[in-house]
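When a ligand or atom number is given, it counts from 1 through the structure's own listing order. Any value given below was found using the heavy atoms of this structure, including those in side chains, with hydrogens, waters and symmetry copies removed.
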Amino acid sequence: MSKTVNEKINIAKNIAKSHYLNQATSTALVLRDQLQITGLLPPAVETFDLQKKRALIQLRAKSTELEKYIFLAWLRNTNVRLFYRLLIEDLEEITPLIYTPTVGTACQEYSHIYPFLAPPGVHDGLFLSLNDLPNLKNIIKNYNPYPFDESLTPQIAVITDGSRILGLGDLGVNGMGIPVGKLQLYVAGAGIDPRRTLPITLDLGTNNEHNLKDQFYLGLRRKRGSDKEFFSFLDAVVKTLREVYPELLIQFEDFSSEHAFELLKKYRDNTFCFNDDIQGTGAVILSGFINAVRLTAKDIPPKEHRILFFGAGSAAVGVAKQLLEFFQIEHGMTEADAKKLLWLVDTKGLVTFDRGDKLADHKVYFARKDNEGQQFKSLTEVIDYVRPTALIGFSSQGGIFTEEILKKLARLNKNPIIFPLSNPKNNAECTFEQAMKATNNQVIFASGTMFPTYTEPETGRVRYPGQGNNMYIFPGLGLGALLAKPRIITDKQIYKSASALAYSLTDEEISLDMLYPKLTRIRRVSAEVASAVIVQIVEEGLARDEEVIALVKNDLEVLKANKGPQWEGLVRFVEENMWDYGREKYFDSKI
Ligand code: NAD
């Protein structure tokens, strides 16, 4: 249908103004005339390919990762499509620069680099401080990354209060790098439309003395207040967000553990939300564990695994809960028996009922009662007592899985499962190389941050470390939920996302003993994760999207097997609903 004159004028205005629509140096000459920007750009008209080539050369010429982070932020905030083309096509190179590990440094430096991340008028995310309480609704509406189309309202918000950023502690508003980065991964991983993402950082003060003394710190200069203040502010924010955007999916991120569990408990049954640190991590590590169990099956029957968590915070408890589901659903164990396969260690040692300190709520459920009054403090003591088949690190204590510890595990098991999952890299409990060397190449390994491959000196065989990267789960989980439109995210949906990821490996990946698929296949993997989530939502009777219900309902039993033509059809439907940078389809050479 041809456009009316008014529509054409509007498009022209938008293209000139929008960091989303603008084509910069590839704007056609005829369009430049119509936009009255001839002379404001250099004369050459470039292809999109050449723009990308230049951007990559400039990026690679930067000498530090933080400079690369700043460069990429500027690119995103001036030319959205070019940025996402880089991110999507060069995912393995760019992801570490926009998220872990670089985002850790970027958050620590956030108040120093903030003015250099975006041009005036472009805003990276929404800051909501305690002072904004009386006016939350209007302030939420202020954030509008794409004012040209009213139908493109936010679909996903990632919210943090900056109180536990990665393994770096309380960074206050400097934590904004996390929701901003995470939403970029939603776009790259599952094709969420970048115009429909809403990064939010809440400012309830910070207990970080360094920040409070820093003249450039950009948050409120006060300490964090009481739990009562925290929860009533959160209530107001969640309530107002739901009023303004009733269909919004809220993802809680990097809250301190106690608050994270409490928030999830409070909202999971009445709000369209999930917590990636707890549930997303739970799912991605469960998925790697499912494949590790498969690899060790001939030596250890699944029900005989003994799993030791070093670190007992949000991530460890989230994973432990998912493992419980796994042993119950796949191996018919009772909850009580499954729980006996898991041990947790925190700063005070093995978590037991009679240790003598008051356990945080989230640890009580897993506290051991069968220790017969004995307490175990050091990791070595705990390992000697538990004799684990799997050691999972979530402690942010870099290098704590020493050669001695790793060798101990190798003596106990033919193929020890060792997952040092803390981030960033220098917080990892051990490296892939250390684990390979200490176990005579027998380790089954996954880490939080990506380690290089390892070549066995004796055979020349290249070994691939697994990366328990939450990016394998949350984009697909989010997309599946947005398409099927349940009102809540259930444990079963999360569980299905994990099993779909585990079964998404190709024959080649299986032959290389990989625990996770190649990250370069992320869009296909996300489509499979999303499809499994959709099937589960329909099965639970929670789906509200008629098209999705019609597509899935009649083939439910077949679709649950994740294969066959029906499954491929559903995966294709999901892929067709992914946003892409495909700039050409939005731009005529003239209007
Ligand atoms: P958290 O602060 O909630 O928990 C940390 C836990 O480690 C606490 O239980 C603490 O008691 C324990 N701990 C600290 N020092 C210890 C010591 N010396 N000995 C024993 N226990 C000790 O943090 P979290 O959200 O659970 O995250 C933990 C780590 O896991 C972080 O580094 C985070 O980046 C990483 N993480 C990785 C992934 C992933 O790889 N997919 C996902 C989430 C979190």
Tell me whether [X] has any N or O atom under 3.5 angstrom from an N or O of ligand 1.
X    : value
S447 : no
L166 : no
G313 : yes

Could you tell me whether the side chain of L87 reaches within less than 4.5 Å of the side chain of T95, counting heavy atoms only?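 T95 reaches L87 side chain to side chain.
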Less than 4.5 Å apart, side chain to side chain, heavy atoms only: is that true for Q397 and S422?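 With C-beta onward as the side chain, the pair stays apart.
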Apply side-chain hydrogen bond (donor to acceptor under 3.5 Å, both in side chains) to Q251 and list each qualifying residue two or more places apart in sequence or on a separate chain.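 For Q251, the residues satisfying side-chain hydrogen bond (donor to acceptor under 3.5 Å, both in side chains) (neighbours in sequence not counted) are Y186, E253.
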Shortest protein contact, [atom] (heavy atom only):
atom                    : answer
atom 15 (N) of ligand 1 : Q397 NE2, 3.1 Å
atom 27 (O) of ligand 1 : A315 CB, 4.0 Å
atom 30 (O) of ligand 1 : F394 CD2, 3.2 Å

For atom 42 (C) of ligand 1, which candidate among L350, V317, T281 provides the closest heavy atom?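 Among L350, V317, T281, the closest heavy atom to atom 42 (C) of ligand 1 comes from T281.
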Distance under 4.0 Å to a non-hydrogen atom of S396: what atoms of ligand 1 satisfy this?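 What qualifies from ligand 1 is 29 (C), 31 (C), 32 (O).
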Can you sort out which atoms of ligand 1 are near S257, meaning under 4.0 Å from one of its heavy atoms?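 With S257 as reference, the close atoms of ligand 1 come out as 1 (P), 3 (O).
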Within the structure, is a non-hydrogen atom of L421 found at a distance of less than 4.0 Å from ligand 1?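 The answer is yes: ligand 1 sits under 4.0 Å from a heavy atom of L421.
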Sequence neighbours left out, what pairs pass ring-ring contact (aromatic ring centres under 6.0 Å, His included) with at least one residue falling in residues 368-410?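 Output for this query lists F376-Y385.
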We want to know whether T201 and T160 form a side-chain donor-acceptor pair, criterion being a heavy-atom distance below 3.5 angstrom.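 Side-chain D/A pair, T201 to T160: absent.
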